[in-house]
Amino acid sequence: MSGKISSVRGMHDLLPRDAARWHVLEEAARVLFTRYGYEEARTPIVEETALFARGIGEGTDVVAKEMYAFADRDGTSLALRPEGTAGLARAYVEHGFGVDDPQQRWFYLGPMFRHERPQKGRYRQFFQIGVEALGSADPRVDAEQLEMAARYFQYVGLSGVELRLNSVGDEKCRPAYREALTRLFLDRFGDLCDQHRNETASKNPLRVLDCKTDRCRAVAKDAPALIDRLCDECNTHWGDLRKQLEGLGVAYTVDSRIVRGLDYYTRTAFEFVLPDGAGLGSQNALGGGGRYDQLVRELGGPPTPGVGFALGVERLALALEAIGKGERHGPDLFVATQGPEAEGAVLQIGSTCRTAGARVEVNLRKANLGNQLRRADRQKATFVVVIGAAELAGGRVRLKRLATGVEEEVALADLGREVVSRCRAADHNV
RNA sequence: GCGAUCAUAGCUCAGCUGGUAGAGCACUGGACUGUGAAUCCAGGUGUCGCGGGUUCAAACCCCGCUGGUCGCCCCA
């Protein structure tokens with residue numbers, strides 16, 4: 001509509017009807033990640049463009065094609081962050097943790113920006129919840145983190161999330177592998193799809209493995225898998241990680257085609273995917289991550305290994321919505337009024353109940369009782385109570401549970417406590 | 001960045017071969033000072049996504065743009 005301003009393409013409002021799901025997701029992260037020793041860190045949304053170029057890699061799609069970059073007043077190129085790891089790694093270096101206190105476990109949560117074509121589950125502003133464990137190369141850290149992720153999905157009520165796991169080697173074994181791949185792809189140049197014939201075969205042959213065109217697939221089928229060509233150290237890490245996961249009972253499938261779109265990954269790389277039809281369209285990855293043992297050093301810090309993952313909040317919310325979880329809940333109690341005495345006393349009654357911890361809506365309209373109850377029902381209130389002259393005089397009220405229609409008589413003075421004790425019994429899963 | 005498809009009330013949609021807009025839901029009040037979740041009644045909003053073209057006449061036909069959705073690429 002002309003004249004009206006609407007939100008920027010790919011950037012959306014989160015409205016109350018959906019906020020409850022987000023709260024479930026964020027609260028679960030705070031509770032659970034803290035249990036594993038992760039503490040929250042918040043870094044700026046704007047960073048120098050150079051941070052992402054250096055950290056994520058110049059040639060990646062994220063940096064080359066999708067960044068919101070602009071010149072600051074002094075000409076410095078700044079960018080809205082397209083992901084969270086680079087910023088945290090920068091903060092880690094900047095505040096001297098690398099030399100002072102290398103073992104750090106951080107989690108974060110906030111908006112990221114990528115200028116892509118929007119579609120279901122993919123937006124230009126999107127929120128990520130992520131974790132980073134810095135300062136240890138021990139595969140048990142990777143395993144513990146993956147177990148934490150599995151617990152997170154269980155905690156928020158998402159089943160069927162599949163962990164796809166791979167190792168992409170390190171600076172010792174990857175060059176040889178890349179060379180082998182490049183050789184193969186140059187040999188079979190004509191068989192590749194158009195896009196990969198041009199750019200990727202020479203620059204990042206790993207991408208060809210991930211290509212879904214029939215042409216590239218046919219070639220990729222003959223390519224060796226990197227997991228079969230890992231150097232001894234990487235191979236040991238890979239084996240230990242798998243052993244630990246099995247010990248923890250964390251299910252996974254090895255997927256040698258996972259290469260990830262960011263250049264900083266070493267060794268462990270993984271994605272969390274949801275099966276088709278689980279509420280996401282073709283954007284079925286709930287999150288992903290891996291190890292980045294060179295990133296901190298590349299950003300000017302001391303050599304510091306790290307491992308982390310990020311989850312897409314919109315995608316998690318979509319998945320929850322598809323299975324009817326995280327719905328907004330209405331008030332615990334709706335207080336209907338009859339007559340001027342009740343209208344005069346209802347704010348006090350509401351206030352007292354709220355002191356007891358109840359979520360309450362009191363009727364402040366002049367609607368008749370039928371319409372008041374209709375609203376209580378539409379608001380999905382758990383209980384309703386009607387206050388009139390008789391209740392005020394007698395100090396007793398009939399507490400009605402809307403779902404069943406059953407009424408119980410309770411003392412008006414205890415109303416808040418009675419409601420809370422009935423509503424807060426079984427609020428949590430896991 | 002590429003392809004497909006769609007756009008009418010807050011939401012879901014109807015609107016025939018062109019003749020200057022409708023229904024349901026939701027919302028508010030009432031019938032009904034004392035009981036909702038399918039009782040009834042009443043109340044209102046549209047520059048028909050935007051811009052241009054064809055026509056006596058465009059929600060409808062044509063072109064462009066913007067946006068949504070789906071797919072590709074990529075990713076959260």
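Everything quoted here is computed from the prediction, not taken from an experiment.
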* Sequence neighbours left out, what pairs pass ring pair (Phe, Tyr, Trp, His ring centres under 6.0 Å) with at least one residue falling in residues 304-345 of chain A? => A/Phe272-A/Phe309

* Check whether more than 12 heavy atoms from other residues, nucleotides or ligands sit under 6.0 Å from atom CZ of A/Arg354, and answer yes or no. => yes

* Structure fact -> Partner of A/Tyr252 under side-chain hydrogen bond (donor to acceptor under 3.5 Å, both in side chains), picked from A/Glu162, A/Arg164, A/Arg242, is A/Arg242

* Which residue lies more 5' along RNA chain B, comparing A/Ala367 with A/Glu314 via nearest heavy atoms -> A/Ala367

* **Base-contact (B) and sugar-phosphate-only (S) positions in nucleotides 32-39 of chain B, heavy-atom cut-off under 4.0 Å, - elsewhere** => SBBBBB-B

* Rounded interatomic separation in angstrom, taking CD1 from A/Ile56 and C1' from B/C74 -> 14 Å

* Classify the side chain of A/Glu271 versus the base of B/A76 as yes if they form a donor-acceptor pair under 3.5 Å and no if they do not. => no

Check residues 382-389 of chain A and write down every donor-acceptor pair under 3.5 Å in which the side-chain atom is one partner and the other belongs to a residue at least two apart or another chain.
none

* **Qualifying salt bridge (Lys or Arg N to Asp or Glu O under 4.0 Å) pairs with a residue from residues 283-298 of chain A, counting only residues at least two apart or across chains** => A/Asp142-A/Arg291, A/Arg291-A/Asp293

* Rounded to the nearest Å, what distance is computed from the CG atom of residue A/Asn284 to the C1' atom of nucleotide B/C72? -> 14 Å

* To do: Could you tell me which residues satisfy side chain to side chain contact (heavy atoms under 4.5 Å, CB included) with A/Asn368, sequence neighbours excluded, listed by chain and number?
  => A/Asn371

* Spacing of A/Arg315 atom CZ relative to B/C74 atom P, expressed in whole Å -> 14 Å

Side chains of residues 124-135 of chain A: which donor-acceptor pairs under 3.5 Å do they make with residues two or more places apart or in other chains?
from, atom 1, to, atom 2, distance (Å)
A/Arg124, NE, A/Glu116, O, 2.7
A/Arg124, NH1, A/His115, NE2, 3.4
A/Arg124, NH2, A/His115, NE2, 3.4
A/Arg124, NH2, A/Glu116, O, 3.3
A/Glu132, OE1, A/Tyr292, OH, 2.5
A/Glu132, OE2, A/Thr85, OG1, 2.7

* **Distance in angstrom units between A/Glu162 CD and B/A76 C1', rounded** => 17 Å

* Taking only N and O in the side chain of A/Arg365, is any of them less than 4.0 Å away from OP1 or OP2 of B/U28? -> yes

* Mind calculating the distance between CG (A/Leu364) and C1' (B/G29) to the nearest angstrom? => 16 Å

* Measure from CG on A/Asp61 to C1' on B/C72 and round the result to the nearest Å. => 13 Å

* Structure fact -> Whole-Å distance, A/Leu15 CG to B/A26 P, equals 20 Å

* A/Tyr123 near the nucleic acid: base, sugar-phosphate alone, or nothing, with a heavy-atom cut-off under 4.0 Å? -> base

* To do: Indicate, with a heavy-atom threshold strictly under 4.0 Å, whether A/Gly289 touches base, sugar-phosphate, or nothing.
  => nothing

* Would A/Phe127 count as stacked on B/A76 if the rule is ring centres under 5.5 Å and plane angle under 30°? -> no

* Report yes or no: does A/Arg315 contribute a side-chain atom to a donor-acceptor pair with the main-chain N or O of A/Gly287 at less than 3.5 Å? => no

* NA contact type, A/Gly121, heavy-atom cut-off 4.0 Å: base, sugar-phosphate, or nothing? -> base

* Using a 4.0 Å heavy-atom cut-off across all strands, classify A/Leu286 as base, sugar-phosphate, or nothing. => sugar-phosphate

* Asked: Reading RNA chain B 5' to 3', how would its secondary structure be written in dot-bracket notation, given Watson-Crick and G-U pairs with both distances under 3.5 Å, brackets [ ] for crossing pairs and | for partners on other strands?
  -> (((((((..((((.....[..)))).(((((.......))))).....(((((..]....))))))))))))....

* Whole-angstrom distance between B/U5 and B/A58, as gauged at atom C1' -> 23 Å

* When we call it a touch if two heavy atoms are under 4.0 Å apart, what does A/Glu116 touch: a base, just sugar-phosphate, or nothing? -> base

* Asked: Between B/U28 atom C1' and A/Asn363 atom CG, what is the distance in whole Å?
  -> 13 Å

* **Position toward the 5' end of RNA chain B (nearest nucleotide), A/Val8 or A/Glu83** => A/Val8

* Asked: Got a sec, which residues hit side chain to side chain contact (heavy atoms under 4.5 Å, CB included) with A/Ile45, two or more places apart in sequence or on another chain?
  -> A/Leu80, A/Arg81, A/Pro111, A/Phe113

What pairs of donor and acceptor atoms, side-chain ones from residues 395-404 of chain A against any protein atom, are under 3.5 angstrom apart with sequence neighbours left out?
from, atom 1, to, atom 2, distance (Å)
A/Arg396, NE, A/Glu409, OE2, 3.1
A/Arg398, NE, A/Glu407, OE1, 2.8
A/Arg398, NH2, A/Glu407, OE1, 3.3
A/Thr404, OG1, A/Val406, N, 3.2

* When you check the phosphate oxygens OP1 and OP2 of B/G1, does a side-chain N or O of A/Arg117 lie under 4.0 Å from one of them? -> no

